[in-house]
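Structure first, then comments.
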Amino acid sequence: MVMTNLQRWLLYIGLFAIPYLAIVTGILRAPVLTKWELEIQLLPLVLLVLFGAYSASVVLYRTFTFNDCPLAAKELQEQIALARKDLKEKGFIFRD
Amino acid sequence: MSTSAHKYSILLPTYKEKENLPIIIWLIVKYLGESGHKYEIIIIDDGSPDGTLDVAKDLQKIYGEETIVLRPRGSKLGLGTAYIHGIKHATGDFIIIMDADLSHHPKFIPKFIELQAKEDYDIVSGTRYSGDGGVFGWDFKRKLISRGANFLSQILLRPNASDLTGSFRLYKKNVLEKCIASCVSKGYVFQMEMLVRARQHGYSIGEVPITFVDRLYGSSKLGGTEIIQFAKNLLYLFATT
Ligand SMILES: Nc1nc2c(ncn2[C@@H]2O[C@H](COP(=O)(O)OP(=O)(O)O)[C@@H](O)[C@H]2O)c(=O)[nH]1
Ligand SMILES: [Mg+2]
């Protein structure tokens, strides 16, 4: 069976959430886990903030680097003039 | 002159494009004429009140019925069905879809054709978001919305193409028919769903960077309702594909 995008996301979230919940609820215990308890508890929040920051910077970067294409607009303007002239010569009557 | 036996049917849906139609036709004839490929232009006008169809008829007189094919419909039935209507009458083995508002420049069509022929792609899609592609006439807000929507759709839908909402593309005819048949959405998001369905069907997609010059004549629509519709359809596709 082919997974939908939603199912794929749920799978990843599940793979993260199950061990995470096992640790924070104390089902899973180990000295190393106790030592890093606060960090582990904050992990989802940290990941979310990191992902948000990544997304915002990618989108902003791409917005600022979006090509403006002034030459393409200029070329089109010139071609519109050429086209109008040539079409009139071919007997076309513009209705504007 | 080209030795290829292929024929390219260019679908031009029009609604209130009387200023743009003569220019776009002139440009298509110029660039395809120079390239030597066999082609036809199918104009699907949906009863435009500004007389676009009369303009089309005048152009047909100049360029001939082989080159300009008119397949008008009585009323504004929407873009998705306009393509279906156009395909039915297409005699080419490849279909090119583009807007008639001059935002899609015909100079890119020969590049689409070359890339398709070289790699045998099922679809070649114009992209504003990579390489030398870009947009003229958009302010910061419009660019931000566009980049944001594109980023979100890339993450949620994993398409094999960088420009999901663009509508300047070349398809193998049977590929286009299959993609359209499996599409459920209409309107603005239809183009996005087409590439998502293409991924599902396992079709290959090539990309050509295009410069998009936003329409000079007439009006375009991107308002609150379009954004809400986009979000709804994005989530729908996310959950089902
Ligand atoms: N036949 C037909 N063409 C349409 C309809 N709506 C839009 N078009 C055409 O489809 C193309 C894209 O429309 P446009 O308003 O530029 O959409 P935008 O670029 O997404 O804002 C243009 O060539 C329009 O003339 C419709 O209902 N029927
Ligand atoms: Mg447009």
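In what follows, chains are A, B, ... by sequence order, proteins preceding strands, each numbered from 1.
Rounded to the nearest 0.5 Å, atoms CZ (Phe136(B)) and CG (Asn67(A)) are 13.0 Å apart. The OG atom of Ser55(A) sits 8.5 Å away from the CG atom of Leu152(B) when rounded to the nearest 0.5 Å. To the nearest 0.5 angstrom, Phe92(A) atom CZ is 9.0 Å from Tyr63(B) atom OH. Taken to the nearest 0.5 Å, the CG atom of Asn20(B) stands 7.5 Å off from the CD1 atom of Ile80(A). Considering OG1 of Thr63(A) and CD1 of Ile145(B), their distance stands at 10.0 Å, rounded to 0.5 Å. We find the SG-CG distance between Cys69(A) and Asp214(B) to be 11.5 Å, quoted to the nearest 0.5 Å.
Looking at Asp68(A) and Lys143(B), a side-chain N of the basic residue comes within less than 4.0 Å of a carboxylate O on the acidic one, giving a salt bridge. Remark: Arg95(A) does not engage Glu19(B) in a salt bridge, criterion side-chain N to carboxylate O under 4.0 Å.
The cationic group of Arg147(B) lies under 6.0 Å from the six-membered ring centre of Phe66(A) and within 45° of the ring axis, placing it in a cation-pi geometry.
Panel note: side chain Asn5(A), backbone Thr241(B); a donor-acceptor pair is recorded below 3.5 Å.
Interface check for chain B: of the options Pro70(A), Ala56(A), Ala83(A), Ala72(A), the most heavy-atom pairs under 4.5 Å are formed by Ala83(A). For the set Ile25(B), Ile62(B), Val55(B), Val135(B), the count of heavy-atom pairs under 4.5 angstrom toward chain A peaks at Val135(B). Among Lys107(B), Arg158(B), Arg128(B), the residue with the largest count of heavy-atom pairs under 4.5 Å with chain A is Arg158(B).
Heavy atoms of Asp50(B) lying under 4.5 Å from chain A are absent altogether. Proximity to chain A is absent for every atom of Lys61(B), based on heavy atoms less than 4.5 angstrom apart. In this structure, no portion of Leu71(A) lies under 4.5 Å from any heavy atom of chain B. Only the side chain of Leu27(B) has a heavy atom closer than 4.5 Å to any heavy atom of chain A. Both the backbone and the side chain of Phe140(B) come within contact range of chain A, with heavy atoms under 4.5 Å apart.
In terms of heavy-atom proximity, Gln79(A) sits nearest to Tyr31(B) at NE2-OH, 2.8 Å.
Around atom CD of Gln41(A), more than 12 heavy atoms belonging to other residues, nucleotides or ligands sit under 6.0 Å away. Around OH of Tyr61(A), the count of heavy atoms belonging to other residues, nucleotides or ligands within 6.0 Å does not exceed 12. Around atom CG of Asp132(B), no more than 12 heavy atoms belonging to other residues, nucleotides or ligands sit under 6.0 Å away. The environment of Glu65(B) atom CD is sparse: at most 12 non-hydrogen atoms of other residues, nucleotides or ligands sit within 6.0 angstrom.
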side-chain contact (heavy atoms from CB on, under 4.5 Å) between Val59(A) and Leu144(B), intermediate numbers included: CA-CA 7 Å; Val59(A) 169; Leu144(B) 185 66; 3.9 Å; yes
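Side-chain contact check for Leu235(B) versus Leu6(A): every heavy-atom pair is 4.5 Å or farther apart. Residues Ile93(A) and Asp58(B) form no side-chain contact, since every pair of their non-hydrogen atoms from C-beta on lies 4.5 Å or further apart.
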